[in-house]
Amino acid sequence: MPIKIKLKEILKARGISQRELARLTGLRPNTISHLCSDNVDRIYLSTLETVCKVLDIDIQKLIEVE
């Protein structure tokens, strides 16, 4: 069951760069870049929680089960 991370679309809609999100979350820019790519193979729940908290969204808005 593939999971799609919709971070790229969310950032674009909000006008937030990946670099800015990395700064706000304290996550490495490579981590944010990976989450925005189309081939996310593994993710830590804590990373998703951090992103959701900073963006003030529910995890259901961030991930989509295909």
Side-chain angles (χ1 to χ4, degrees):
M1 211 174 358
I3 292 177
K4 180 176 194 283
I5 306 293
K6 299 186 288 186
L7 184 57
K8 193 175 187 177
E9 295 92 331
I10 293 168
L11 293 179
K12 186 175 181 183
R14 293 190 180 197
I16 300 172
S17 68
Q18 291 181 27
R19 185 180 296 274
E20 178 69 3
L21 183 62
R23 189 185 66 76
L24 291 170
T25 58
L27 297 169
R28 292 175 37 234
N30 285 356
T31 302
I32 301 299
S33 177
H34 178 70
L35 289 175
C36 288
S37 74
D38 290 332
N39 57 348
V40 179
D41 51 359
R42 67 189 127 145
I43 35 179
Y44 292 104
L45 190 56
S46 59
T47 301
L48 293 181
E49 288 173 339
T50 300
V51 169
C52 288
K53 187 174 180 183
V54 166
L55 294 177
D56 193 29
I57 58 173
D58 290 329
I59 200 160
Q60 293 89 344
K61 290 211 186 295
L62 184 61
I63 59 174
E64 180 179 287
V65 179
E66 296 178 335

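Each residue takes its place number in the sequence, starting with 1. No hydrogens, no waters, no symmetry mates; every other heavy atom, side chains included, goes into these values.
- Take Asp41 and apply the side-chain hydrogen bond (donor to acceptor under 3.5 Å, both in side chains) test, not counting sequence neighbours, and it matches His34.
- Separation of atoms NZ (Lys6) and CD1 (Ile63) is listed at 9.0 Å; rounding is to 0.5 Å.
- Atom OG1 in Thr47 sits 5.5 Å away from atom CG in Leu27 (nearest 0.5 Å).
- If you run side chain to side chain contact (heavy atoms under 4.5 Å, CB included) between Ile5 and each of Val40, Ile10, Asp38, only Val40 comes through.
- Counted within 6.0 Å of NZ on Lys8, heavy atoms from surrounding residues, nucleotides or ligands total 12 or fewer; the atom is thus considered open.
- Around atom CZ of Arg19, no more than 12 heavy atoms belonging to other residues, nucleotides or ligands sit under 6.0 Å away.
- The distance from atom CG of Asn30 to atom CG of Leu35, rounded to the nearest 0.5 Å, is 11.0 Å.
- Residues passing the side chain to side chain contact (heavy atoms under 4.5 Å, CB included) test with Cys52 are Ile57, Ile59, Leu62, sequence neighbours excluded.
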**Request:** Go through Leu21 and Leu7 one step at a time and tell me if the side chain to side chain contact (heavy atoms under 4.5 Å, CB included) criterion holds.
**Result:** CA-CA 10 Å; Leu21 183 62; Leu7 184 57; 3.9 Å; yes
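- Here the closest non-hydrogen pair linking Gln18 and Leu11 is CG-CD1, 4.1 Å.
- A salt bridge is absent between Glu9 and Lys12: the closest approach of a Lys/Arg side-chain nitrogen to an acidic carboxylate oxygen does not fall below 4.0 angstrom.
- Atom CD1 of Ile32 is separated from atom CD of Glu20 by 11.0 Å, given to the nearest 0.5 angstrom.
- No donor-acceptor distance shorter than 3.5 angstrom exists from the side chain of Ser33 to the backbone of Pro29, with no hydrogens or angles considered.
- Between Thr31 and Thr25 the shortest side-chain heavy-atom distance does not fall below 4.5 Å.
- Heavy-atom neighbours of Lys61 NZ from other residues, nucleotides or ligands within 6.0 Å: at or below the threshold of 12.
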